[in-house]
J.: 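Just dropping this structure here.
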Amino acid sequence: MHKANSTLNNNALQLLTEEIFRWGKEAGFQQLSIGSANTENQTESLNDWLEQNYHGSMSWMEEHKDKRLQPDLLVPGTTRVISARLDYLPQDTEQIKILKSPDKAYISRYALGRDYHKLMRKRLAKIAEKIANRSREVFPEYTLNQRPFVDSAPVLERPLAEQAGLGWVGKHTLLINQHAGSWFFLGEIFTNLPLPLNTERADNKCGTCEACLKVCPTDAFPKAYQLDARRCISYLTIENKGAIPEEYREVMGNRVFGCDDCQAICPWNKFAKPTLEKDFQARHGLQDSELLTLFLWDEDTFLKNTEGSAIRRIGYQRWLRNIAIGLGNAPASEDIQKALKEKKETCSPLVAEHIEWALAQQQNPKRNRLRKLKRD
Ligand code: B12
Ligand code: SF4
Ligand code: SF4
């Protein structure tokens, strides 16, 4: 029989919450916090974002919009969200040095190690299992309903984590924690257990700063707290399946998988600590590789070297598409031009078109590479 929420013992709920936080630490999370599951206050900004088409080809952002705005449609009965933070910045990856080395490939720091989706979901599922066991002991008559999520479900993770007090949504739209910066992933457990809410909110500490808005190479922020994903290098190199519009190619520089510029410039990331998580350390030298070396990987090597990595999700042809742009922006070199011409014989028409662009860039001695775009 379903026992009404109000009849669950508050002390037992408080003790369970303390246990949940301990299990979170044991599982390697830096922080867990409990917030309300109400996201209806996001309706206007989500609608506005979708109406302006800022989601581009991510049609899944439109689907199940009702679930994003009403978590209990996704998991019936949900009244609480246990939000979790997992820091991912690998140790000593010298990101600025790589970004400024036009022969090198810049890969987003979140993607250098193991794909976070499975890793986090497994850990959250274990915590959910412990909650279920304890709940059976303490609240034997209560019908628990809960589910863990990481990233891919129709969940507004940042507003939910903000409500749980894990940080504030910065002008670059990412969640920032004043003690830990923004280099972290978010995950959560939806639950119908009436756990005590963390009522403390993190104040927005962006102040008058606009560094992230100004640094963005593609000028992807129409205004503070809003991102036009279609212009974001992360979208262009990862989510976008087609050609990368020419206007963005030069300013992409050597960023071949995702982009970190708006985070790297953020003053709050002075407080970020590198992760000790072995799975998030860079694999196969991806933090410091020549563009040409990566471009010369054949498909088998790509599949082998990206096993268990988020990079694999884009597939070999899109990988080549992105690196071709990086090579077009690299200093002129005979080796690069030879590799581009050879690859053009075997690649897809999509990649071939990017290779043609790269060759034209390589062979134009007068080119003066553009570093930043301005919106019209
Ligand atoms: C779609 C998506 C993208 C898209 C669009 C990004 C975007 N800003 O919406 C693209 C592909 C571009 C992208 C890029 C990246 N992403 Co992404 N992405 C997502 C995803 C799947 C959904 C985000 C979403 O709902 N967007 C829709 C918009 C409308 O929602 P929103 O930005 O959350 O906006 C709300 C608030 O900003 C608020 N709001 C609006 N106006 C205002 C005004 C004020 C004053 C305030 C306070 C709030 C506010 O209302 C909005 C609507 O509810 C989430 C996972 C998830 N399920 O949530 C990961 C997620 C947001 N991404 C993440 C990461 C790490 C990245 C990248 C850093 C990866 C990379 N290095 O390349 C970049 C960062 C780019 C950036 N500046 O955002 C992390 C962020 C962790 C964090 N610390 O915040 C998430 C949470 C994934 C995860 N599980 O960890 N991403
Ligand atoms: S990730 Fe890069 S391209 Fe995207 S908004 Fe941030 S700075 Fe701009
Ligand atoms: S760079 Fe400045 S404006 Fe942007 S998120 Fe960080 S503190 Fe806020």
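Just so you know, ligand 1 is whichever comes first in the structure, and atom 1 is the first atom listed for that ligand.
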J.: Counting neighbours of CD on E44 that are heavy atoms of other residues, nucleotides or ligands and sit closer than 6.0 Å, is the number greater than 12?
T.: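 Incorrect, the count does not exceed 12.
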J.: Is M120 near ligand 1, meaning one of its heavy atoms is under 4.0 Å from it?
T.: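 So M120 does not count as touching ligand 1.
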J.: Report the part of A220 in contact with ligand 1, treating N, CA, C, O as backbone and CB onward as side chain, heavy atoms under 4.0 Å; options are side chain, backbone, both, neither.
T.: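 A220 to ligand 1: no contact under 4.0 Å from either part.
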J.: For F29, what residues pass the ring-ring contact (aromatic ring centres under 6.0 Å, His included) criterion, not counting sequence neighbours?
T.: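 Partners of F29 under the ring-ring contact (aromatic ring centres under 6.0 Å, His included) test: none.
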J.: Is atom 40 (C) of ligand 1 in close reach of the protein, with a heavy atom under 4.0 Å away?
T.: yes
J.: If we ignore hydrogens and angles and just use 3.5 Å, is the side chain of E157 paired with the main-chain N or O of D151 as donor and acceptor?
T.: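 Yes: the side chain of E157 pairs with the backbone of D151.
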J.: Indicate whether atom 62 (N) of ligand 1 is within a distance of less than 4.0 angstrom of some protein heavy atom.
T.: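 So atom 62 (N) of ligand 1 lacks protein heavy-atom neighbours under 4.0 Å.
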J.: Select all protein residues for which some heavy-atom-to-ligand 2 distance is less than 4.0 Å, and list them by chain and number.
T.: C216, P217, T218, F221, L227, C232, I233, C259, D261, C262
J.: Give a yes or no on whether atom 3 (C) of ligand 1 lies under 4.0 Å from any heavy atom of the protein.
T.: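 No.
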J.: Q263 heavy atoms, cut-off 4.0 Å: which ligand 1 atoms fall inside?
T.: 68 (C)
J.: Can you check whether S348's main-chain N or O pairs, donor with acceptor, with Q317's side chain at less than 3.5 Å?
T.: yes
J.: Using protein heavy atoms only, decide if any is under 4.0 Å from atom 79 (C) of ligand 1.
T.: no
J.: As an exercise, identify every atom of ligand 1 less than 4.0 angstrom from a heavy atom of F185.
T.: 90 (O)
J.: Within a distance under 4.0 Å of any heavy atom of W268, pick out the atoms of ligand 3 and give their elements.
T.: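 Near W268, the atoms of ligand 3 are 7 (S).
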J.: Could you tell me the separation between the NE2 atom of H172 and the OG atom of S182, rounded to the nearest 0.5 Å?
T.: 4.5 Å
J.: Select one of side chain, backbone, both or neither to describe which atoms of D260 lie under 4.0 Å from any atom of ligand 1, heavy atoms only.
T.: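 Answer for D260: side chain.
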J.: Is it the case that the side chain of N192 and the backbone of T143 share a donor-acceptor pair, with hydrogens and angles ignored and the cut-off at 3.5 Å?
T.: yes
J.: Honestly, is K343 close enough over F295, meaning NZ or CZ under 6.0 Å from the six-membered ring centre and within 45° of the axis?
T.: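 The answer is yes, since K343 meets both limits relative to F295.
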J.: Does atom 17 (Co) of ligand 1 have any protein heavy atom closer than 4.0 Å?
T.: no
J.: Are any of the protein's heavy atoms under 4.0 angstrom from atom 10 (C) of ligand 1, yes or no?
T.: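 There is no protein heavy atom less than 4.0 Å from atom 10 (C) of ligand 1.
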J.: Starting from atom 42 (C) of ligand 1, find the nearest protein heavy-atom neighbour and note its residue, name and distance.
T.: Y225 CB, 3.4 Å
J.: Nearest 0.5 Å, please: how far is CD1 in I238 from CZ in R313?
T.: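 So the gap between those two atoms works out to 10.0 Å.
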J.: Would you say NZ of K241 has more than 12 non-hydrogen atoms from neighbouring residues, nucleotides or ligands within 6.0 angstrom?
T.: no
J.: Can the positive tip of R249 be found less than 6.0 Å from the middle of the six-membered ring of W357, inside 45° of the ring normal?
T.: yes
J.: Looking only at non-hydrogen atoms, which of T173, L175, D48 approaches atom 82 (C) of ligand 1 most closely?
T.: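 When every heavy atom of T173, L175, D48 is considered, L175 comes closest to atom 82 (C) of ligand 1.
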J.: Is it the case that the ring center of Y116 lies less than 6.0 angstrom away from the ring center of Y88?
T.: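 That pair fails the under 6.0 Å test.
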J.: With sequence neighbours excluded, tell me which residues meet side-chain hydrogen bond (donor to acceptor under 3.5 Å, both in side chains) with E277.
T.: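 Scan of E277 (side-chain hydrogen bond (donor to acceptor under 3.5 Å, both in side chains), adjacent residues dropped) gives R123.
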J.: Is a donor on one side and an acceptor on the other found under 3.5 Å between the side chain of S333 and the backbone of I336?
T.: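 The answer is yes, because a donor-acceptor pair under 3.5 Å joins these two groups.
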J.: Once side-chain contact (heavy atoms from CB on, under 4.5 Å) is applied, do any residues pair with E342, and if so which ones, sequence neighbours excluded?
T.: K338
J.: Nearest 0.5 angstrom please: K372 NZ to C216 SG, how far?
T.: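 K372 atom NZ to C216 atom SG measures 6.0 Å (nearest 0.5 Å).
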J.: Taking the six-membered ring of F280 as reference, does the cationic atom of R283 (NZ for Lys, CZ for Arg) lie under 6.0 Å from its centre and within 45° of its axis?
T.: no
J.: Check each heavy atom of W49 against ligand 1 and say whether those closer than 4.0 Å belong to the side chain, the backbone, both or neither.
T.: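 The answer is the side chain of W49.
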J.: Taking only heavy atoms of I176, which atoms of ligand 3 are found under 4.0 Å from at least one of them?
T.: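 It comes down to these atoms of ligand 3: 5 (S).
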J.: Looking at ligand 1, is there an atom of it that comes within less than 4.0 Å of some heavy atom belonging to R85?
T.: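 Flag not set, R85 not near ligand 1.
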J.: Have a look at R158, H55, E44 and point out the one with the heavy atom closest to atom 26 (N) of ligand 1.
T.: R158
J.: Number the atoms of ligand 1 from 1 as they appear, then name those within less than 4.0 Å of a heavy atom of E239, with their elements.
T.: 11 (C)
J.: Kindly confirm whether atom 6 (Fe) of ligand 3 is within less than 2.8 Å of some N/O/S atom in C266?
T.: yes
J.: Check each heavy atom of E157 against ligand 1 and say whether those closer than 4.0 Å belong to the side chain, the backbone, both or neither.
T.: both
J.: Which of the numbered atoms in ligand 1 are below 4.0 angstrom from a heavy atom of L186?
T.: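 Near L186, the atoms of ligand 1 are 88 (C), 89 (N), 90 (O).
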J.: Counting heavy atoms only, which of N240, V169, D261 comes nearest to atom 48 (C) of ligand 1?
T.: V169
J.: Please work out which of the three classes, parallel, tilted or perpendicular, describes the rings of W297 and F302, given edges at 30° and 60°.
T.: tilted
J.: Just to be sure I'm reading this right: ignoring hydrogens, which of N177, L236, D151, I233 gets closest to atom 55 (C) of ligand 1? Compare them by their nearest heavy atoms.
T.: D151
J.: For ligand 1, which atoms sit closer than 4.0 Å to a heavy atom of L227?
T.: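 This gives 6 (C), 7 (C), 8 (N), 12 (C), 76 (C), 78 (O) as the contact atoms.
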J.: Less than 6.0 angstrom separating the ring centers of W268 and W183, yes or no?
T.: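 Between W183 and W268, which both carry aromatic rings, the centre distance is not below 6.0 Å.
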J.: Under 3.5 Å, is there a donor on one side chain and an acceptor on the other for S45 and D48?
T.: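 No, no side-chain donor-acceptor pair sits under 3.5 Å.
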J.: Please check atom 23 (C) of ligand 1 for a protein heavy-atom neighbour under 4.0 Å.
T.: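 Protein heavy atoms within 4.0 Å of atom 23 (C) of ligand 1 - there is at least one.
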J.: Within ligand 3, which atoms have a heavy atom of K171 less than 4.0 Å away?
T.: 3 (S), 5 (S)
J.: In the complex you have, is atom 33 (O) of ligand 1 within reach of the protein, judged by whether a heavy-atom distance drops under 4.0 Å?
T.: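 Under the 4.0 Å cut-off, atom 33 (O) of ligand 1 does have protein heavy-atom neighbours.
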J.: Is it the case that T78 and N145 place a side-chain donor and acceptor less than 3.5 Å from each other?
T.: no
J.: So, K65 side chain and L50 main chain: donor-acceptor pair closer than 3.5 Å or not?
T.: no
J.: Suppose I only count heavy atoms of C262 and a 4.0 Å limit; which atoms of ligand 1 are within that range?
T.: 77 (N)
J.: Looking only at non-hydrogen atoms, which of L50, L174, I107, L156 approaches atom 74 (C) of ligand 1 most closely?
T.: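 Residue with the shortest heavy-atom distance to the ligand atom: L174.
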J.: Please identify which atoms of ligand 1 are closer than 4.0 Å to at least one heavy atom of S234.
T.: 14 (C), 15 (C), 69 (C), 70 (C), 72 (O), 73 (C)
J.: Show me which atoms of ligand 1 lie under 4.0 Å from any heavy atom of Y110.
T.: 69 (C), 70 (C), 71 (N), 72 (O)
